[in-house]
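Worksheet: the structure to be examined is printed underneath.
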Amino acid sequence: MSRWLVTHGEQQFSAADLEELKTMAADRRLKPADLVQPPGANDWIYALELPELKADFPSGAERDD
């Protein structure tokens with residue numbers, strides 16, 4: 001099974017699926033500026049750029065460092 005890769009500061013880890021990323025965003029364990037790499041992709045994008053995650057970040061989270 002393919003997993004999402006996440007870079008948070010100097011740490012890199014994986015998430016099982018988009019639902020896990022949504023939970024992490026809601027709990028502020030995933031920041032909008034963290035980089036994510038979807039399964040099978042070569043490029044990294046900011047978590048906030050994922051349309052599926054935008055609504056899951058708490059209000060004001062875009063200002064979190």
Side-chain angles (χ1 to χ4, degrees):
M1 175 163 110
S2 297
R3 298 177 65 82
W4 289 76
L5 297 179
V6 179
T7 297
H8 176 80
E10 304 234 349
Q11 298 177 323
Q12 191 174 80
F13 54 92
S14 63
D17 53 27
L18 190 55
E19 289 305 312
E20 184 176 357
L21 287 177
K22 288 180 175 196
T23 299
M24 291 171 62
D27 293 345
R28 293 186 181 247
R29 292 180 289 140
L30 179 69
K31 305 290 185 189
D34 288 344
L35 294 170
V36 296
Q37 186 181 59
N42 292 322
D43 295 328
W44 292 82
I45 60 173
Y46 291 106
L48 190 61
E49 294 177 331
L50 280 172
E52 301 91 344
L53 287 181
K54 283 185 180 183
D56 295 293
F57 288 108
S59 178
E62 62 276 356
R63 293 186 298 273
D64 286 350
D65 293 336

Between A47 and F57, what is the shortest heavy-atom contact and its length?
CB-CZ, 3.7 Å
When rounded to the nearest 0.5 angstrom, what distance separates OG in S2 from CD in Q37?
10.5 Å
Which of L5, D43, I45, T7 passes side chain to side chain contact (heavy atoms under 4.5 Å, CB included) with L35? Answer is T7
Spatial distance of atom CE (M24) from atom CG (D56) [nearest 0.5 Å]
12.0 Å
Kindly say whether E19 contributes a backbone atom to a donor-acceptor pair with the side chain of D17 at under 3.5 angstrom?
yes
Minimum-distance pair of heavy atoms, taken over all atoms of Y46 and P32:
CB-O, 3.8 Å
Which heavy-atom pair separates P58 from A25 by the least distance, and what is that distance?
CD-O, 3.2 Å
Is R29 close to T23 at the side-chain level, that is, under 4.5 Å between some pair of heavy atoms?
yes
If you take all heavy atoms of E49 and P51, which pair is closest and at what distance?
O-CD, 3.2 Å
With V36, which of L18, L48, V6 fulfils side chain to side chain contact (heavy atoms under 4.5 Å, CB included)?
V6
Interatomic spacing from NZ in K22 to CG in L30 - rounded to 0.5 Å
12.5 Å
Single-linkage hydrophobic cluster W44~L53, side-chain heavy atoms < 4.5 angstrom:
no
Heavy-atom check, side chain of P38 versus side chain of W4, under 4.5 Å:
yes
